[in-house]
J.: 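Here's a structure for you.
We use all heavy atoms of the structure for the numbers below, so side chains are in, but hydrogens, waters and symmetry mates are not. Every chain is numbered from 1, with letters handed out A, B, ... down the list of sequences. Just so it is clear, the structure is predicted and the values come from calculations on it, not from any experiment.
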Amino acid sequence: MPSKNIPLREKLKTVTPSGKKDESFFELVFDVVMEIPKGRVTSYGAIAAALGTRSSSRMVGWAMNGSHRVRPKVPAHRVVNRQGLLTGKMHFEYPDQMQELLEKEGVQIVDDKVVDFAKKFWDPVKELGLE
DNA sequence: CTATTGACGTATG
DNA sequence: GCATACGCCAATA
């Protein structure tokens, strides 16, 4: 039951830009991020690709900016840049929180970078069967 | 309205 | 590997 296989791309198209806050770009990003398994990480570009806006990876990061005030919990700490670098760590409650959370899940961090990023990488496009 | 910025990515030199 | 430029789109001033 592809209930989880939400047509994000279609959803995105139906979204009215600068329209309402119902299902903005942010929600789409959050949906994907919350699907990230524990101990895994993904990149902004991957999420953007999953949403069909491969080139708009920046918007993904921007969406995460509001992840704080968003419902229950968005594991933003599992989202890193393509280098596996914890670029957004400074946006958490405190810089080291991101690293702590990741290490707590079994993800080693060295020099603000994910160890074995290739192995830990979780591709939303492939896992969710998008595109 | 324009200009700037941003938790990015790719291309180019 | 580093610097620079561009794209992409939304929020903010």
Side-chain angles (χ1 to χ4, degrees):
Chain A
M1 49 350 284
S3 297
K4 279 297 174 70
N5 279 11
I6 42 181
L8 295 173
R9 294 214 304 166
E10 312 248 329
K11 219 171 175 183
L12 181 65
K13 288 190 172 185
T14 21
V15 166
T16 54
S18 69
K20 292 188 174 183
K21 298 173 62 180
D22 282 68
E23 307 199 32
S24 47
F25 197 93
F26 301 66
E27 290 236 349
L28 299 176
V29 176
F30 300 150
D31 286 344
V32 175
V33 174
M34 284 190 280
E35 289 297 317
I36 302 174
K38 176 185 169 190
R40 292 291 204 92
V41 293
T42 190
S43 64
Y44 304 95
I47 296 172
L51 299 179
T53 58
R54 180 169 72 86
S55 313
S56 307
S57 38
R58 281 180 160 166
M59 301 299 92
V60 177
W62 199 255
M64 304 315 294
N65 217 328
S67 63
H68 256 285
R69 49 191 263 164
V70 180
R71 297 244 258 160
K73 48 191 166 186
V74 179
H77 59 275
R78 297 186 186 140
V79 184
V80 296
N81 70 349
R82 221 192 192 296
Q83 308 170 41
L85 204 68
L86 282 58
T87 51
K89 66 180 207 171
M90 55 163 91
H91 286 266
F92 282 80
E93 298 181 40
Y94 52 94
D96 290 340
Q97 184 174 33
M98 189 173 187
Q99 180 169 338
E100 286 182 16
L101 291 170
L102 287 171
E103 290 182 328
K104 198 173 178 182
E105 295 181 354
V107 179
Q108 288 182 304
I109 307 298
V110 175
D111 193 26
D112 297 335
K113 191 178 66 180
V114 176
V115 179
D116 293 329
F117 177 62
K119 291 183 180 180
K120 306 287 185 182
F121 183 71
W122 180 84
D123 190 347
V125 178
K126 186 175 181 179
E127 300 298 328
L128 297 178
L130 297 172
E131 286 189 296

J.: Which atom pairs link the protein and nucleotides 2-6 of chain C when you take only N or O atoms and keep those under 3.5 Å?
T.:
none

J.: To the nearest Å, give me how far apart NE2 (A:His68) and P (C:dA11) are.
T.: 18 Å
J.: In Å, rounded to the nearest 0.5 Å, how long is the span from CG of A:Asp112 to OG1 of A:Thr87?
T.: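 So the CG of A:Asp112 and the OG1 of A:Thr87 are separated by 10.0 Å.
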J.: Using the salt bridge (Lys or Arg N to Asp or Glu O under 4.0 Å) rule, take A:Glu105 and A:Arg40 through it: C-alpha gap first, then chi angles, then the decisive distance, then the call.
T.: CA-CA 8 Å; A:Glu105 295 181 354; A:Arg40 292 291 204 92; over 6 Å; no
J.: Could you tell me how far apart A:Met64 (CE) and C:dA11 (C1') are, to the nearest whole angstrom?
T.: 17 Å
J.: Report yes if the side chains of A:Ser43 and A:Val79 come closer than 4.5 Å at any heavy-atom pair, otherwise no.
T.: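 The answer is no; the side chains never approach within 4.5 Å.
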J.: What distance separates A:His91 NE2 from A:Met98 CE, expressed to the nearest 0.5 Å?
T.: 10.5 Å
J.: Have a look at A:Asn81 and say if it touches a base, only the backbone sugar-phosphate, or nothing, with a 4.0 Å heavy-atom cut-off.
T.: sugar-phosphate
J.: Using the side-chain contact (heavy atoms from CB on, under 4.5 Å) rule, take A:Lys113 and A:Leu86 through it: C-alpha gap first, then chi angles, then the decisive distance, then the call.
T.: CA-CA 6 Å; A:Lys113 191 178 66 180; A:Leu86 282 58; 5.7 Å; no
J.: Counting any heavy atom closer than 4.0 Å, what does A:Ala48 reach on the DNA or RNA strands: base, sugar-phosphate only, or nothing?
T.: nothing
J.: Just verifying a value: how many Å separate A:Met59 CE and A:Ile47 CD1, rounded to the nearest 0.5 Å?
T.: 13.5 Å
J.: For the pair made of CG in A:Leu102 and P in B:dA7, what is the distance, rounded to whole Å?
T.: 18 Å
J.: Rounded to whole Å, please give me the gap between OH in A:Tyr44 and C1' in B:dT10.
T.: 17 Å
J.: Taking for each residue the nucleotide of DNA chain B bearing the nearest heavy atom, is the 5' side occupied by A:Met59 or by A:Ser43?
T.: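 Mapping each residue to its closest nucleotide by heavy atoms, the 5'-most match is A:Met59.
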J.: Using atom CD of A:Gln83 as one end and atom C1' of B:dG9 as the other, report the distance to the nearest whole Å.
T.: 10 Å
J.: Rounded to whole angstrom units, what separation is found between the NE2 atom of A:His91 and the P atom of B:dT5?
T.: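 That distance rounds to 15 Å.
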J.: Has the side chain of A:Asp116 got a donor or acceptor atom that lies under 3.5 Å from a matching backbone atom of A:Lys119?
T.: no
J.: Please determine, for the side chain of A:Ser56, which listed nucleotide (B:dA7, C:dG7, C:dC9) has the closest atom?
T.: C:dC9
J.: Once you round it to whole Å, what is the distance between P of B:dT4 and CH2 of A:Trp62?
T.: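 The distance from CH2 of A:Trp62 to P of B:dT4 comes to 16 Å, rounded to the nearest Å.
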